[in-house]
J.: 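If you scroll down you'll find the structure; I have some questions about it.
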Amino acid sequence: VDGGGTRCRARIEDEDGRVLGEASSGPATTRIGFEKAWRSIMEATEAAAAQAGLAREDFARMHAGMGLAGLGRRGAAAALNQIAHPFASVIFISDGLAACLGAHSGADGAIVVAGTGSVGVGLIDGHEIRLAGYGFPVSDEGSGADIGLQVVRLALRAADRRGELSPLLSEVLGAFDHDPYQAVAWSEEARATDYAAFAPIVMRHTSRNVQLALRYASGASSML
């Protein structure tokens, strides 16, 4: 199971590594709450099992490895290990470590993950090295959530005429009916996934304008 901030993916394989079924569901990061994350995990797992022609009774023969975003939060691992599960066994690791293990087949190596959040993970002689990935908004630089946060901030500056109103920022403001206070109300409950929803808009505009992309990447965001 790969549980991220945007979606959760489950894949069932037999002992020879043959894929039997796979499916996805909503976010499964611990930051949305353990019960919600577990619901997404089970929804994806049950859909993958249905694709494989398996029933819930077959879960007792499955050994589950779950890589989840936000596992490093204080108390997260302990809380998850207390959840009653239907599997033969369950192991929880961070989604970053899971990605690193998968990328290098368990051998030494490193990986940078940039999705809803971001993190750098390396393995040297079996020891994990982790950089950043402390969670949005204090960390996760370069992630979808971080990009979304920056562009919303720039859009509000443009609404105040403290910056140039570009087509990109106009589209972002349009999501709030060009009303900054509607954006403020939204921000009071917005999660990382909500901010990350603006990242594809940024990518679409920057893919059409190389200079805009270069300015954004170099940090000259006021030019947006």
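Small disclaimer: the values here were computed from a predicted structure and weren't measured.
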J.: Output the distance between atom CE (M42) and atom SG (C8), rounded to the nearest 0.5 Å.
T.: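 That separation rounds to 10.5 Å.
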J.: Treating Ile, Leu, Val, Met, Phe, Trp and Tyr as nodes and any side-chain heavy-atom pair under 4.5 angstrom as an edge, say whether I147 and F176 lie in one connected cluster.
T.: yes
J.: May I ask you to check whether over 12 heavy atoms, not counting those of I129, lie within 6.0 Å of atom CD1?
T.: yes
J.: With a 4.5 Å limit on heavy-atom distance, are the side chains of L68 and L80 in contact?
T.: yes
J.: Just so I know, are the side chains of L165 and L173 near enough to count as touching, which here means a heavy-atom distance under 4.5 Å?
T.: yes
J.: Is there side-chain contact between V202 and V172, with at least one heavy-atom pair below 4.5 Å?
T.: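 No, too far: nothing below the 4.5 Å cut-off.
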J.: Which residue pairs satisfy the ring-ring contact (aromatic ring centres under 6.0 Å, His included) criterion with at least one member in residues 19-73, sequence neighbours excluded?
T.: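 As it turns out, the ring-ring contact (aromatic ring centres under 6.0 Å, His included) pairs with a partner in residues 19-73, which skip direct neighbours, are F59-F87.
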J.: Going from CG on L149 to CG on D140, what distance comes out if it is rounded to the nearest 0.5 angstrom?
T.: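 Result: 11.0 Å between the selected atoms.
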J.: Side chain to side chain contact (heavy atoms under 4.5 Å, CB included) with V112: which residues, sequence neighbours excluded?
T.: none
J.: Can you sort out the partners of R130 under salt bridge (Lys or Arg N to Asp or Glu O under 4.0 Å), two or more places apart, ordered by chain and number?
T.: none
J.: Using atom types as modelled, flag every donor-acceptor pair under 3.5 Å from a side chain in residues 193-201 to any protein atom, sequence neighbours excluded.
T.:
from : atom 1 : to   : atom 2 : distance (Å)
T193 : OG1    : G5   : O      : 2.5
D194 : OD2    : R191 : N      : 2.7

J.: Who pairs with R9 by side chain to side chain donor-acceptor pair (under 3.5 Å), at least two apart in sequence or on another chain?
T.: D2
J.: Show every side chain to side chain donor-acceptor pair (under 3.5 Å) that has at least one partner inside residues 19-29, sequence neighbours left out.
T.: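 As it turns out, the side chain to side chain donor-acceptor pair (under 3.5 Å) pairs with a partner in residues 19-29, which skip direct neighbours, are R11-E22.
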J.: Rounded to the nearest 0.5 Å, how far apart are CD of E171 and CZ of R204?
T.: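 Taking CD in E171 and CZ in R204, the distance rounds to 4.0 Å.
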J.: Can you give each donor-acceptor pair under 3.5 Å made by side-chain atoms of residues 93-108, sequence neighbours left out, with the distance rounded to 0.1 Å?
T.:
from : atom 1 : to   : atom 2 : distance (Å)
S94  : OG     : L97  : N      : 3.0
H104 : NE2    : A110 : N      : 3.2
H104 : NE2    : A110 : O      : 2.9
D108 : OD1    : D125 : N      : 3.0
D108 : OD2    : D125 : N      : 3.2

J.: Looking at CG of D179 and CG of D177, how far apart are the two atoms once the value is rounded to the nearest 0.5 Å?
T.: 7.5 Å
J.: My understanding is that only residues two or more places apart in sequence, or in another chain, count here; which of them pass side chain to side chain donor-acceptor pair (under 3.5 Å) with T116?
T.: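 Checked T116 against side chain to side chain donor-acceptor pair (under 3.5 Å); matches are T6.
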J.: Go through the structure and list residues passing side chain to side chain contact (heavy atoms under 4.5 Å, CB included) with R162, not counting sequence neighbours.
T.: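 Partners of R162 by the side chain to side chain contact (heavy atoms under 4.5 Å, CB included) criterion, ordered by chain and then number, come out as R157, D160.
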J.: Please list, chain by chain and in numerical order, all residues satisfying side chain to side chain contact (heavy atoms under 4.5 Å, CB included) with A84, sequence neighbours excluded.
T.: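 Testing A84 for side chain to side chain contact (heavy atoms under 4.5 Å, CB included), a comparison that skips the adjacent residues, returns none.
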J.: Between atom CE of M62 and atom CD of E13, what is the distance when rounded to the nearest 0.5 Å?
T.: 12.0 Å
J.: Not counting sequence neighbours, which residues clear side chain to side chain contact (heavy atoms under 4.5 Å, CB included) with R161? List them please.
T.: none
J.: Distance-only check: which donor-acceptor pairs under 3.5 Å involve side-chain atoms of residues 43-50, not counting sequence neighbours?
T.:
from : atom 1 : to  : atom 2 : distance (Å)
T45  : OG1    : I41 : O      : 2.8
E46  : OE2    : R56 : NH1    : 2.7

J.: To the nearest 0.5 Å, how far apart are CE in M203 and CG in L168?
T.: 11.0 Å
